[in-house]
There are 2 protein chains.
Amino acid sequence: MTLKREVICCLFFILIATILFCNAHYITSNGERLENVAISKTQGQPWPMPQSYKPSGIVLNLDVVNFQFINVGVNCEFLTDAFKRYSKIIFASNSPARPLNFQQESKIKSSDSVLNTLLVNSKTGGHGGPSFEMDESYTLSITPTGALLSSNETWGAIRGLETFSQLVYRLNTGEFVVNATDIIDFPRFKHRGVLLDTSRHYLKKEYIFQNIEAMAQNKFNVFHWHIVDDQSFPYYSSSFPDLSGKGAYNPRTHVYTPEDVNDIIQFAKYRGIRVMVEFDSPGHTLSWGNGQPGLLTECYSGGQFNGNYGPINPALNTTFPFLKQFFAEVAQVFPDHYIFLGGDEVDFSCWKTNPIITAFMQKMGYGTDYSKLEEYYMQQLLDIISSLNKGYMIWQEVIDNSAKVAADTVVDVWKGGWEDEMAKVTAMGLKTLLSSCWYLDYISYGSDWERYYQCDPHKFNGTDAQKNLVLGGEAALWGEFVDDTNVTPRLWPRASAVAERLWSPAMSDKLELKAVENRMAEHRCRMVRRGIPAEEPLGPGYCDIEF
Amino acid sequence: MTLKREVICCLFFILIATILFCNAHYITSNGERLENVAISKTQGQPWPMPQSYKPSGIVLNLDVVNFQFINVGVNCEFLTDAFKRYSKIIFASNSPARPLNFQQESKIKSSDSVLNTLLVNSKTGGHGGPSFEMDESYTLSITPTGALLSSNETWGAIRGLETFSQLVYRLNTGEFVVNATDIIDFPRFKHRGVLLDTSRHYLKKEYIFQNIEAMAQNKFNVFHWHIVDDQSFPYYSSSFPDLSGKGAYNPRTHVYTPEDVNDIIQFAKYRGIRVMVEFDSPGHTLSWGNGQPGLLTECYSGGQFNGNYGPINPALNTTFPFLKQFFAEVAQVFPDHYIFLGGDEVDFSCWKTNPIITAFMQKMGYGTDYSKLEEYYMQQLLDIISSLNKGYMIWQEVIDNSAKVAADTVVDVWKGGWEDEMAKVTAMGLKTLLSSCWYLDYISYGSDWERYYQCDPHKFNGTDAQKNLVLGGEAALWGEFVDDTNVTPRLWPRASAVAERLWSPAMSDKLELKAVENRMAEHRCRMVRRGIPAEEPLGPGYCDIEF
């Protein structure tokens, strides 16, 4: 799912690059510092912005020695674990008093009120793990006489703990303080994803953990794991070990074992993050072929096999039994309801050369319409997934090529012209996700996050009913030029812009991006302080605690 | 020294971005993997390429237990230290046998010859530290009957040890091997620099170390330390502690103490790398003003000081005594012969408003030619530096504005149209450095290192005598969007392209970039294995040992 063959994108890119680059020059002029002073990091403000956020001028001290979370609601292992994590995060030793700085002496004085408890009241637990239907809403009330976090489900409490941890900051005197604040909060969209690609480059488990931790700090709730592709097959399949044995870059070191996969799912689960795995087919499957001979279409030249392979061959009677067994395993390994099935960029040129395909096309009466063959393939696959009681998401081409899909299919829109596509997809009554404007692997000089920030999944022509079919969106970091060396700084805090767009209210016309910038400056330094190497999004400046 | 006000660059950028972006699309097509197979990492080949490199088919085993470097030349602390470092690097535990990989089973079998010694014969020592005049040439002969590294100075031996360490690789069987090879090597250019900017963002000492280590792995020999600028003044001056006390982002945590500076100089010294510090003036000095009141020009509006400051004020009789005392300290702290004095992007607009400047201009008979004032300032400063027995380098504007400079001045060319500028500068008989085409802070999607690779400092119209005045060049990583979170992957291996251009022979017309690519793939993975998070320069792929 990369922006292949779309020359129009080049033109768009030139425009954006010109704007950004020329703009970037402007900010590197001698006037920089004066401009820079205008970026004044907020203190103790949350990201993403809650639906209703009412801070007061009252500053409460936290009692560092005695402070505790007290659970007055349902017991839940996820909450117990979150208490431990957030105690560490809030009072971490790498969160010292803001050291003396002549430029930003704080005038804030803490009050006599001391907060030593956050009562947490979640009505119900986590129902075994995060799901599409989980309730992430919460309210948080911090007053001089006490603090209460309430939610319907543990997942809301976990989101609220993240918010609480962000409200706490330190004075120059070393005191931990929090402003008395009232928050009512819930996500604008239910699906807020980050896509990582472990096929173009393998990512070690520890870097996946690091990015899931960052997702939690930004209230993302889906890790879209584009686990295999043409380039390599790092997923170890218990049913078909040859797939990684012969399709991984290295079957000993560059694979995700069942234990790795489980560790990643568990790590995400405790943070209220679903792991939605993607096995893209019938295209993007070259790496499957080594370990599963006969699966891919053999491409012909001059009447014989030329050594190259194309997409999965739907004309062979071995194909769908294999897929059924493979996806039965996948359905068991990955507990999430949704499996991402891909379906993008199917190249018909190889199919056209293969005599078995040709014979099958004739038999089926498809003539020379290969999109019918694609539809046939997808239909068989969707039926397999349905029979496993799983839901599925697909890239937009499946719809563009007119395949019939089940009513609960979710369509991920990733190409240019997304406004028209989302109007079309939702007019068909299908649910949809937006990825088009959030391809974070495309980089350019300077500050680009505001562009991501201003892209809104509801900005297309459609009825309220259509808008309600938009489940959310995803920040996609494709892996052509990304590996362990740079994945985290490249993703953050650029994905944070997407996070706020998907969680917080839509931008009002009155919104001052300057105020967002100041909060972004605090948020990125907060991530850095917590051990995430989130790169500079704004220009010259510093964090109190550098990475 | 950032590409300010140069609209023409935008146009250039658009062109490049278009080429790269469209090209990038191509490589992300379904054909990726087949293309990718064509990138076949070399094994045990050096970067940068030596002047004469004659590998043989004879593969020698290294005796891991008994292997040692034996000094048969002059004794020198730098060499003793290098032996320790390279013993670790060559036999590091994170350099395991290449694990089983079906795609690249090595067919190489080691011979019966075992190498347990590298004789190192340097005629003279390090003369106290690296200098512009140091001799980095060496010869390395590895044969079945023994191996010898010879040099005139320790610095050549240190370069040769780096080469030797790169020739060693491991077989799948776990054996450390090296090909019998003859090398005659010396740098094409004497000045091969990397510029880091610690003013726009502060870089911790450990990250500066990491990058100096990477420089050593690429045979760079100058760390151009752009230590202060408008944004912050992190250099702690013993003579004027208020400069960092009031000019650093944070005077406790975001400064380089005398100990830090010395540690960095020592770390670089043992690797044959000079530390050339830059204190840019009279522009780019806003951060100096806080700690040195009266130094900067007060800008006027409507007949009175408007609160803004411009460049250093050359019209005040306090200015040059301050500079003399300050640079006397700098000359003592930084042992290198050269101090980089800046002189770029001097904005005359503030000078024009200031009545003291106006009176001084009249007195000096400059009329309204403010470049004469700039020349006056530079002349005084250059005289100060000369009186300290130091040499100096400057940005090209000093010459562009017709200041008279000493005959041994080195001019750093950084703007567009560098071919004409270098022709002009060398026609004046001045020495020069090229930076223009190596501004690595400018990023774009995809693979950009080949563009850096193909820029050659001798590609301008000029006589041999003019070409001989080209001392080399620098890769510049300005700090607007770079800090500890991303400095290393952003710099490497893109700077490696510059390293090879400056060390190795000029590109012949016959050079196959494909072969360079294969060597680049090995080199970047070698850096990764050694702990440098050098990012992917080529597209999908992997390293045996990931970061």
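Every chain is numbered from 1, with letters handed out A, B, ... down the list of sequences. Quick caveat, the model's predicted, so the values are computed rather than measured.
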Ion pair check, A:Arg490 and B:Glu535, cut-off under 4.0 Å: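 So A:Arg490 pairs with B:Glu535 through a salt bridge.
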Minimum heavy-atom distance between B:His201 and A:Gly539, given as atom pair plus value: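 Taking every non-hydrogen atom into account, CE1-O, 3.1 Å.
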Minimum heavy-atom distance A:Lys204-B:Phe547, with the two atoms named: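 Taking every non-hydrogen atom into account, NZ-O, 2.9 Å.
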Whether A:Tyr249 side chain and B:Gly541 backbone form a donor-acceptor pair below 3.5 Å: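 Between the backbone of B:Gly541 and the side chain of A:Tyr249 there is a qualifying donor-acceptor contact (under 3.5 Å).
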A:Tyr542 OH to B:Gln231 CD distance, which is reported to the nearest 0.5 Å: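 Result: 13.5 Å between the selected atoms.
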From B:Asn486 atom CG to A:Asn486 atom CG, the distance as rounded to the nearest 0.5 Å: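 Nearest 0.5 Å value for the CG-CG distance: 9.5 Å.
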Contacting moiety of A:His254, where chain B heavy atoms sit under 4.5 Å: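 Side chain of A:His254 only, per the 4.5 Å heavy-atom cut-off to chain B.
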Atom group of A:Pro537 that falls short of 4.5 Å from chain B, counting heavy atoms: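 Just its backbone gets close to chain B.
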Single hit among B:Thr485, B:Asp483, B:Asn250 for side-chain contact (heavy atoms from CB on, under 4.5 Å) with A:Glu546: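 Result: among B:Thr485, B:Asp483, B:Asn250, B:Asp483 is the only option passing the side-chain contact (heavy atoms from CB on, under 4.5 Å) with A:Glu546.
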Leading residue by heavy atom contact count with chain B [cutoff under 4.5 Å; candidates A:Pro311, A:Ala534, A:Ser199, A:Gly310]: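 Heavy-atom pair counts peak at A:Ala534.
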